[in-house]
S.K.: 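Can you read through this structure? Questions will come right after.
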Amino acid sequence: MSIVITIFESKDKLMLRTHTCGELTIHDINIHVTLSGWVHRTRDHGTIVFIDLKDRYGITQLVIDYSDHPELKPTVDIIHSEYVIQGIGIVRKRLEGTENSNITTGFIEVELVKVNILNTSKTPPFPINQIGGEELIRLKYRYLDLRSNRMLKIMELRHHTIKFIRDWMNAQGFWEIETPMLMKSTPEGARDYLVPSRVHPGEFYALPQSPQQLKQLLMVAGIDRYFQIARCMRDEDLRADRQPEFTQLDVEMSFVEQEDVLQTIEDLMTALVPAVTPHKRIRSPFPRMTYHESVERYGSDKPDLRYGLELVNVGDLVKDSQFNVFTAALTKGGKVQTIRLPGCASYTRKQIDELQEVAKIGGAKGMAWMAIEANGTVRSPIAKFFTPEQLQALQSAADADPGDLLVFVADKPAVVAASLDKVRREMGKRLKLVDKDEIVFGWVVDFPMFEWNEESQSWDAMHHPFCMVNPEDVEKLLHNDLEGVRAASYDLVANGYELASGSIRIHDREIQQRIFDRLPYSPEEIQQRFGHMLDAFEYGAPPHGGIAPGVDRLIMILADTDNIRDVIAFPKTQKAEDVMMNAPSAIDDVLLNDVHLSINKSIKSSKE
RNA sequence: GGGCCUGUGGUGUAGCGGCCUAACAUGUCGCCCUGUCACGGCGAAGAUCGGGGGUUCGAAUCCCCUCAGGCCCGCCA
């Protein structure tokens, strides 16, 4: 994305800079300029010295010629990398043959008549523009890492993305409304970050896990179309794509059905991607599949749709085989699925063992395999348990050709899915099936309304308790057939990430009550936790629904990184620590007293 | 709470039972150099190998514990 930025009103006034370091070209020859920036690199040739001066906009070469300006030597001699300096001089065309076509300013240089040191710098603890290396040291000096070309580019992309979203949402009639950061704790869902109240001893605010309830109340208020670039906090363990605080594009719309919400977000993404990352390709329209179909075909509710490697259910084909592992799993209500790995029949025992370890991460106890040799014969430790007809049927079902490897997992459906999902993702990488310049979005719809919680032996709302039931399944709800009840909820997935999640909400008090009846809450609990919502719904709640795309994950995909820390200016480590500021940290007893807290003496700070 | 991986001068790596009195690159410091752009040349300083314990005649190297970071499972309406 190229944009014109006018920063300087007058080039004649005395100022710290007249141009940026990425601005001067062959058209500026012979003008007097003042540049300020950081010293990227110096090249000292004794009588002539080159300084690459950098800022956010680019790099410009400064030249100091001691034969013309010997008085500059004492200053230039003490200049080092990352010093902040100001160079005053004249733009010159570079000598024939010394141009640098790698940078836009490479055909000019600034011949200095004066140089000022605006600030010195210690030697950086790591090479700023060299990528890779120990991340911890970069996080500790995050402001230096951010100074790198790579990070500045990502921050720029993030800015453009959010700016585009704001403009686009505005053009579609959405209002951006801020909601409180100090909210009420609602015990279901993620663990809350808590803020003790000084005024109300023993009571706490919670930081929002999302503005979910508030955006619904805004619909009751008649805002009609709302969005917010909202910060959300969840006190749960981190992952490569999860931070304790993250940013959502929170959206809610009134008088809409599922289709309206999906189309809105699909339109946004379809406009956004080419605008901020022209080199990325997307597929339109976004494919849709049910949750059930997604898990059946990919083993996941957030499949990477850039490649196939689909799961094939072969339960029917193996149920009469002599292989006890398969038949026992089927008897116990489990399933047997396979993935065809093209061209992998030559895999060594070691490679297969590695893949088996990958499957085990998903919970599988083992992974069976069959290699279809080039001549068509089957090489497999389990081949002896199958008749030739069964072997043939398996190959046909999996569409296997000579040279392919089939891997099987048999277990409970959830274990088979999780295990083969891991195998599929691993092989997508190994077989280089992903094109990093392609983004394949997809909609996963018809999520189950309820989820059985083994721990509490009760049914939980899978999305949240205000999520609308699929109208076709209201009967099942009434008959307490909760497992089959589908929700009017949907996820946007992209390249294997869950990018957004949303639903149509219940605006009917009656249905809402029926949902609560099925959840393990007493009427008192419901009133205490959700009373404000239920009250509001009695004052003319319009039909409404919404969605919340994760901004950080979106930018991860746009920026070609697989780590969420890369797209957040000041992220936290996996233990949710800010190693730059050293947060969290112990606090003074006086402050604790103010909020009526005392620390359990048996607890030691992790930093002592 | 659990599993796996990583930890060697400032930084990035090599070394993986004795050739290690720990190597290389880069950075840093000093001297030289008029056209470089990862400038070049000469020279110097800099790590007891995350920490502790053990095995061994001998440990950066093997074992145990521990700390830190990362990835994953659980968790994340």
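Throughout, a chain's letter reflects where its sequence line sits, starting with A, and its residues are numbered from 1.
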S.K.: Looking only at the side chain of A:Ala240 (C-beta and beyond, no hydrogens), which of the listed nucleotides B:C71, B:C37, B:C73 gets closest?
M.R.: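 For the A:Ala240 side chain, the nearest candidate turns out to be B:C71.
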
S.K.: Which part of the nucleic acid, if any, lies within reach of A:Glu99 when heavy atoms closer than 4.0 Å are counted: base, sugar-phosphate only, or nothing?
M.R.: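 Base: the residue A:Glu99, judged by heavy atoms under 4.0 Å, touches a nucleobase.
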
S.K.: In whole Å, measure the gap between the C1' atoms of B:U61 and B:G54 for me.
M.R.: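 So the two C1' atoms sit 15 Å from each other.
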
S.K.: Is A:Asp566 paired with A:Arg150 through a side-chain N to carboxylate O contact shorter than 4.0 Å?
M.R.: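 A:Asp566 and A:Arg150: salt-bridged.
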
S.K.: Check whether any side-chain nitrogen or oxygen of A:Lys575 sits under 4.0 Å from OP1 or OP2 of B:A68, and answer yes or no.
M.R.: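 For B:A68, OP1/OP2 do have a side-chain N/O of A:Lys575 under 4.0 Å.
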
S.K.: Pairing check on B:U36: which nucleotide meets the Watson-Crick or G-U wobble criteria with it, both distances under 3.5 Å?
M.R.: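 The answer is none; no pair meets the criterion.
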
S.K.: Taking pairing as Watson-Crick or G-U wobble with both contacts under 3.5 Å, can you name the mate of B:A60, or confirm there isn't one?
M.R.: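 Across all strands, not a single nucleotide pairs with B:A60.
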
S.K.: How far does the P atom of B:C57 sit from the matching atom of B:U11, given to the nearest Å?
M.R.: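 One P to the other, the span is 37 Å.
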
S.K.: Write down the distance separating the P atoms in B:A14 and B:C62, rounded off to the nearest Å.
M.R.: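 That atom pair is separated by 15 Å.
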
S.K.: Please name the pair of heavy atoms, one in A:Val493 and one in A:Asp301, separated by the smallest distance, quoted to 0.1 Å.
M.R.: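 What the structure gives for the nearest pair is CG1-O, 3.5 Å.
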
S.K.: Write down the distance between NZ (A:Lys54) and P (B:A38), rounded to a whole number of angstrom.
M.R.: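 Interatomic distance, NZ of A:Lys54 to P of B:A38: 15 Å.
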
S.K.: Should A:Gln574 be listed as having a side-chain N or O under 4.0 Å from OP1 or OP2 of B:C71?
M.R.: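 Yes, A:Gln574 has a side-chain N/O under 4.0 Å of OP1/OP2 on B:C71.
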
S.K.: Could you please spell out the steps behind the salt bridge (Lys or Arg N to Asp or Glu O under 4.0 Å) verdict for A:Glu99 and A:Arg94?
M.R.: CA-CA 6 Å; A:Glu99 301 92 346; A:Arg94 287 205 195 178; over 6 Å; no

S.K.: With a 4.0 Å limit, can you tell me whether A:Arg242 has a side-chain N or O closer than that to the phosphate oxygens OP1/OP2 of B:G74?
M.R.: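 Result: no.
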
S.K.: Under 3.5 Å, is there a donor-acceptor pair linking the side chains of A:Gln212 and A:Gln216?
M.R.: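 There is such a pair (donor and acceptor under 3.5 Å, judged by atom type) between the side chains of A:Gln212 and A:Gln216.
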
S.K.: Check whether any side-chain nitrogen or oxygen of A:Arg43 sits under 4.0 Å from OP1 or OP2 of B:C39, and answer yes or no.
M.R.: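 So the side chain of A:Arg43 is within the cut-off, an N or O lying under 4.0 Å from OP1 or OP2 of B:C39.
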
S.K.: Identify the two heavy atoms, one from A:Leu519 and one from A:Pro465, that lie closest to each other, and give their separation to 0.1 Å.
M.R.: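 Here A:Leu519 and A:Pro465 meet closest at CD1-CB, 3.9 Å.
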
S.K.: With a 3.5 angstrom cut-off on both distances, give the Watson-Crick or G-U wobble partner of B:A68, or none if there isn't one.
M.R.: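 Checking every strand shown, B:A68 finds its partner in B:U6, with both distances under 3.5 Å.
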
S.K.: Using the ring of each side chain (for Trp, its six-membered ring), is A:Tyr143 parallel, tilted or perpendicular to A:Tyr141, with breaks at 30° and 60°?
M.R.: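 Perpendicular, since the angle between the ring planes exceeds 60°.
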
S.K.: Among B:G69, B:C71, B:C75, which is the nearest nucleotide to the side chain of A:Glu236?
M.R.: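 Output: B:C75.
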
S.K.: What is the separation between atom CG on A:Leu499 and atom P on B:C76, rounded to the nearest whole Å?
M.R.: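 One finds 21 Å between P of B:C76 and CG of A:Leu499, rounded.
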
S.K.: A:Leu136 side chain: which of B:C75, B:U11, B:G69 is closest?
M.R.: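 Comparing B:C75, B:U11, B:G69 against the side chain of A:Leu136, the answer is B:G69.
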
S.K.: What does the B/S/- profile of nucleotides 22-35 of chain B look like, 5' to 3', with a 4.0 Å heavy-atom cutoff to protein?
M.R.: -----SSS---BBB

S.K.: Please state the P separation for the pair B:C72 and B:A25 - nearest whole angstrom.
M.R.: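 One P to the other, the span is 37 Å.
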
S.K.: Any ion pair linking A:Lys572 and A:Glu577 (charged N to carboxylate O, less than 4.0 Å)?
M.R.: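 No.
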
S.K.: Of A:Asp237 and A:Asp52, whose nearest nucleotide on RNA chain B comes first from the 5' end?
M.R.: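 By nearest-heavy-atom nucleotide position, the 5'-most residue is A:Asp52.
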
S.K.: Nearest-nucleotide wise, let me know which of A:Thr573 and A:His464 is further upstream toward the 5' end of RNA chain B.
M.R.: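 Its nucleotide being nearer the 5' end, the pick is A:Thr573.
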
S.K.: With rounding to whole Å, what would you report as the distance between B:C33 and B:G40 at their C1' atoms?
M.R.: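 Result for the C1' pair: 8 Å, nearest Å.
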
S.K.: Assess whether a salt bridge exists between A:Asp411 and A:Lys365, defined as any Lys/Arg side-chain N lying under 4.0 Å from an Asp/Glu carboxylate O.
M.R.: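 A salt bridge is present here (some side-chain N lies under 4.0 Å from a carboxylate O).
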
S.K.: Separation of A:Asp192 atom CG from B:C75 atom C1', in whole Å?
M.R.: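 Distance, rounded to whole Å: 14 Å.
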
S.K.: Could you give the OH-to-P distance, from A:Tyr497 to B:C76, as a whole number of Å?
M.R.: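 It is 21 Å, rounded to the nearest whole Å.
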
S.K.: How close or far is atom C1' of B:G70 from atom NZ of A:Lys572, stated in whole angstroms?
M.R.: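 My rounded result for the distance is 18 Å.
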
S.K.: Under 4.0 Å, counting only non-hydrogen atoms across every strand here, what does A:Glu134 touch: a base, just sugar-phosphate, or nothing?
M.R.: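 Touches sugar-phosphate only.
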
S.K.: Rounded to the Å, how far apart are A:Asn102 CG and B:U36 C1'?
M.R.: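 Going from CG in A:Asn102 over to C1' in B:U36 covers 14 Å.
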
S.K.: Distance check, C1' atoms only: B:C5 and B:A44, in whole angstrom units.
M.R.: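 Comparing C1' positions in B:C5 and B:A44 gives a spacing of 38 Å.
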
S.K.: Any ion pair linking A:Arg565 and A:Glu135 (charged N to carboxylate O, less than 4.0 Å)?
M.R.: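 A:Arg565 and A:Glu135: salt-bridged.
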
S.K.: Which part of the nucleic acid does A:Arg92 contact within heavy-atom distance under 4.0 Å: base, sugar-phosphate only, or nothing?
M.R.: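 Contact class for A:Arg92: none.
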
S.K.: How many whole angstroms separate atom NZ of A:Lys360 from atom C1' of B:C4?
M.R.: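 Distance check: A:Lys360 NZ to B:C4 C1' gives 13 Å.
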
S.K.: With P as the reference atom in both, quote the distance from B:G9 to B:U48 in angstrom, rounded to an integer.
M.R.: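 That atom pair is separated by 9 Å.
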
S.K.: Does B:C19 have a Watson-Crick or wobble partner in any strand here, with both distances under 3.5 angstrom, and which is it?
M.R.: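 Its partner is none (no Watson-Crick or G-U wobble pair with both distances under 3.5 Å).
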
S.K.: Would you say A:Lys422 places a side-chain N or O within less than 4.0 Å of OP1 or OP2 belonging to B:C73?
M.R.: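 It does, given that an N or O in the side chain of A:Lys422 lies less than 4.0 Å from OP1 or OP2 of B:C73.
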
S.K.: Starting at atom CD1 of A:Ile361, determine the distance to atom C1' of B:G74, rounded to an integer number of angstrom.
M.R.: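 Answer to the nearest Å: 14 Å.
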
S.K.: In whole Å, measure the gap between the P atoms of B:G3 and B:C64 for me.
M.R.: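 Approximately 13 Å lies between the P atom of B:G3 and that of B:C64.
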
S.K.: Any sub-3.5 Å donor-acceptor pair from A:Ser503's side-chain atoms to A:Arg505's backbone N or O?
M.R.: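 No: the side chain of A:Ser503 does not pair with the backbone of A:Arg505.
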
S.K.: Side-chain N or O of A:Asn563 versus OP1/OP2 of B:C71: is the shortest distance under 4.0 Å?
M.R.: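 Checking A:Asn563 against B:C71: at least one side-chain N or O falls below 4.0 Å of OP1 or OP2.
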
